[in-house]
2 protein chains.
Amino acid sequence: MASIRDVAERAQVAVSTVSAALNGTRPVAAGTRRRVEQAAAELGYRPSPLARGLQGGRTRILALLFPAPRGGFGLTQMQFVTGAAETARELGHHLLLSAEHADPIEELRHLTGLGLVDGVLLMEVGLADERVEFLLEAGIPFSMIGRTRDPGRVDHADIDFAATAREAVAHVAGLGHRKLAFFELPADRHAAGYGPAVRAGAEFAGAARAAGIGYVAGFRPGSPEEGGQAFERLVTAHPDVTALAVMGDRAAVGVLAAVAARGWRIPGDLTLLLVSSSSRVAEMFHPRLTTLEPPSAELGGLAVRMLIDRLDGDGPPARKLLPCRLVVGDSSAPPRRRKEAGA
Amino acid sequence: MASIRDVAERAQVAVSTVSAALNGTRPVAAGTRRRVEQAAAELGYRPSPLARGLQGGRTRILALLFPAPRGGFGLTQMQFVTGAAETARELGHHLLLSAEHADPIEELRHLTGLGLVDGVLLMEVGLADERVEFLLEAGIPFSMIGRTRDPGRVDHADIDFAATAREAVAHVAGLGHRKLAFFELPADRHAAGYGPAVRAGAEFAGAARAAGIGYVAGFRPGSPEEGGQAFERLVTAHPDVTALAVMGDRAAVGVLAAVAARGWRIPGDLTLLLVSSSSRVAEMFHPRLTTLEPPSAELGGLAVRMLIDRLDGDGPPARKLLPCRLVVGDSSAPPRRRKEAGA
DNA sequence: AGCCCCCGTCGAAACGTTTCGCACAACGTA
DNA sequence: TACGTTGTGCGAAACGTTTCGACGGGGGCT
């Protein structure tokens, strides 16, 4: 562990000059700078984040606050983390994983009061999130994966549900379907103010209307059982529905089982879309479901990038919305003839 | 951010006395200690990890090295991370997530050379792992989730495949099955020296022999397609097999499809076990598969605990093997009569 | 009663950085 | 020629902690 003093000695300059030369914080003669840089390279010198942070500068450590697995963590969340970690690494930063326990605010106060981290990354952000308020008030730099209801001043990267819904609707409409149903996330997610739960439904409704196709919603199955029941109610009440978009893996399992139990086949009798789930999950199904896969890793990386940009200098708040990627599987097909004829 | 000086002033003692009182590193009079503790509490004082680390002590930061998602990261790996993060938190430590890129050794050198972390957590450990050698040689404290072929001197927490295999075999034998087949992880995982890939096969063979039931192996399907093909070959070559344990979600998907294609039912015609997969994944299947679920979160936590113990003082190397938990689903049943009669 | 020893406390140095005021030389200008 | 102005470089202080040598006083032993 070569220190800045070693570099200074080898380059025959003062310690402060080394700092200036390496950080470009003050003008340094070209020759001197070269000598310093060479000495640093030869010694394999790397400044200590500890000392840097202590002095009042930055530690180059970012904290990713992640909620304790309540309903259990999915692949999507996992990919936020890996994406964030990789981008942080690329940008010369470290990522601290901070497990959120009972009281997130206390946790945040704890974490930021230490002076260990330069900024915070929030995920699983609610429409109204107390953590956001706290961070804003405390003046701690942060960015979000997801967003609050009104994220005006805050950097964030989130799924573009409007574009996602448009793409999904275009897909089924292009196949010839005239009526689409949508199963939302379970009610407790809505109650918790979970952004995707609320936004997806609204955007799908809007997209269907804009595309001029029929739309049925109001189902919020949370388990396989509820998924199956919701499907039964759906086909009873709306026998003309030929395409169904489901949000939530567990509900989709139930739907698939109910479809099979009814003697229907996918995609012959029903086109099924899995919304906002990893394609890795989609291929667990049989047939492989057409999926709208959230760009989780990208979002995680984006959020890191935004946070670092904010730390470096402050421009206007950055916002980036990325649509889900449509991965066409074996569950998409034109609607069955019977219905067309009946219409 | 109250500093130790503030505490010292308020308690009317020297800075060094505060340090001694709070850390118990030197005897301090009971009254003084009380005063110091009270002052610290009133000020909400918390020592700076930065300053601590700089001084030469510990930073209380642990690094979790996690490999870039090659085959894609599963829920199991995710749970290592969450388990580790939570335990670290409980034990007053921080967890740094370090994404491993192309050259893991370089990454390690990079990370540890900074003096930022006290120790390292390794996951996805191979039978012969270069990272282990490096850390051992460099004298850097570490522990493993998983283990090398000969982990003698190194702290580690891993799955107890022997016990897991015994339990799985006991389960199917208890149901009345007389012949068990086992689908291993794909060949590339074996080639990479991935511990679970190698150990599981050996232990299942041993357990079946010990239990006196038939055993068929040699299949290493990596994809749903290969899973289906393996199943076809299996039933052709060994029609008397009534129970099958599969390792790997993707292969299981294919098996399930092939079973259905053949007109068989689960569990009526075949008892199917999913080995070493999250029960969260198991319930994606229909029917819900009986699973041997690895205690991932516990293992992650255990590894953290071991590392911290090692940091605190050195006892003999700790090793902890935990069996997978048997979660009985709807894919377990006594063997079909037809075969019994035929035998 | 005097001496010694130990308990308890203090002050200073050190860890590796950055920052800030200052000094010094060379240069152009008055 | 003398003076301000740049352009460079230096040294010291500060960040918050731990550690270690030193010091003072009170009690026990002779």
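Owing to the predicted nature of the structure, the values given are computational and were not obtained by experimental measurement. We use all heavy atoms of the structure for the numbers below, so side chains are in, but hydrogens, waters and symmetry mates are not. Just so it is clear: chains get the letters A, B, ... in the order the sequence lines come, proteins before strands, and each one is counted from 1.
Within 4.0 Å of Pro27(A), counting heavy atoms only, lies no atom of the nucleic acid at all. Note on Val15(B): a base of the nucleic acid sits closer than 4.0 angstrom, heavy atoms only. Nucleic acid contact for Arg58(B): none, since no nucleic acid atom lies under 4.0 Å from a heavy atom of the residue. Within 4.0 Å (heavy atoms only), Val13(B) reaches sugar-phosphate atoms of the nucleic acid but no base atom. Residue contacts for Ser48(A): at a heavy-atom cut-off of 4.0 Å it reaches the sugar-phosphate backbone alone, with no base atom in range. Contact annotation for Arg46(A): backbone-only contact, meaning every heavy-atom pair under 4.0 Å involves sugar-phosphate atoms and none involves a base.
What separates CD of Glu9(B) from C1' of dC10(C) is a distance of 15 Å, to the nearest Å. Taking atom CG of Asn23(A) as the reference point, atom P of dG9(D) lies 16 Å away to the nearest angstrom. Rounded to an integer number of Å, the gap from CG of Leu22(B) to P of dT18(D) is 8 Å. When the C1' atom of dT18(C) is taken as reference, atom OH of Tyr45(A) falls 10 Å away, rounded to whole Å. Residue Leu43(B) contributes atom CG, which lies 14 Å from atom C1' of dG16(D) at whole-angstrom precision. Distance, Leu54(A) CG to dT17(C) P: 12 Å, rounded to whole Å. Distance Arg5(A) CZ to dG11(D) P: 12 Å, rounded to the nearest Å. Computed from coordinates, the Arg26(A) CZ to dT8(D) P distance equals 13 Å when rounded to whole Å.
Side-chain atoms of His110(B) and Arg46(A) include a donor-acceptor pair closer than 3.5 Å.
Arg310(A) places a side-chain N or O within donor-acceptor distance of the main-chain N or O of Gly315(A), the cut-off being under 3.5 Å. Thr82(A) contributes a side-chain N or O that, together with a main-chain N or O of Gln79(A), makes up a donor-acceptor pair within less than 3.5 Å. Between the side chain of Arg26(A) and the backbone N or O of Ala20(A), no donor-acceptor pair lies under 3.5 Å.
With dT19(C), dT18(D), dG9(D) as the choices, the nucleotide that has an atom nearest any side-chain atom of Ser19(B) turns out to be dT18(D). Taking only side-chain atoms of Arg52(A), from C-beta outward, the nucleotide of dT18(C), dT17(D), dT8(D) with the closest atom is dT18(C).
Note on the helix from dA1(C)-dT30(D) to dA30(C)-dT1(D): angle between the axes of the first and last five pairs equals 60°, rounded to 10 degrees.
A donor N or O paired with an acceptor N or O is found under 3.5 Å between the base of dG11(D) and the side-chain atoms of Ser16(A).
The pair Glu293(B)-Arg280(B) does not count as a salt bridge, with every side-chain nitrogen at least 4.0 angstrom from each carboxylate oxygen. A salt bridge links Arg58(A) with Asp312(A); the closest basic N to acidic carboxylate O contact falls under 4.0 Å.
In summary, of the residues considered (Val132(B), Leu64(B), Ile145(B)), a side chain to side chain contact (heavy atoms under 4.5 Å, CB included) with Leu122(B) occurs for Val132(B) alone.
Between Phe142(B) and Asp155(B), the shortest heavy-atom distance links the atoms O-OD2, 4.1 Å.
The 5' end of DNA chain D is approached more closely, in terms of each residue's nearest nucleotide, by Gln55(A) than by the other of Gln55(A) and Val18(B). If Arg35(B) and Gly57(A) are placed on DNA chain C by their nearest nucleotide, the residue sitting closer to the 5' end is Arg35(B).
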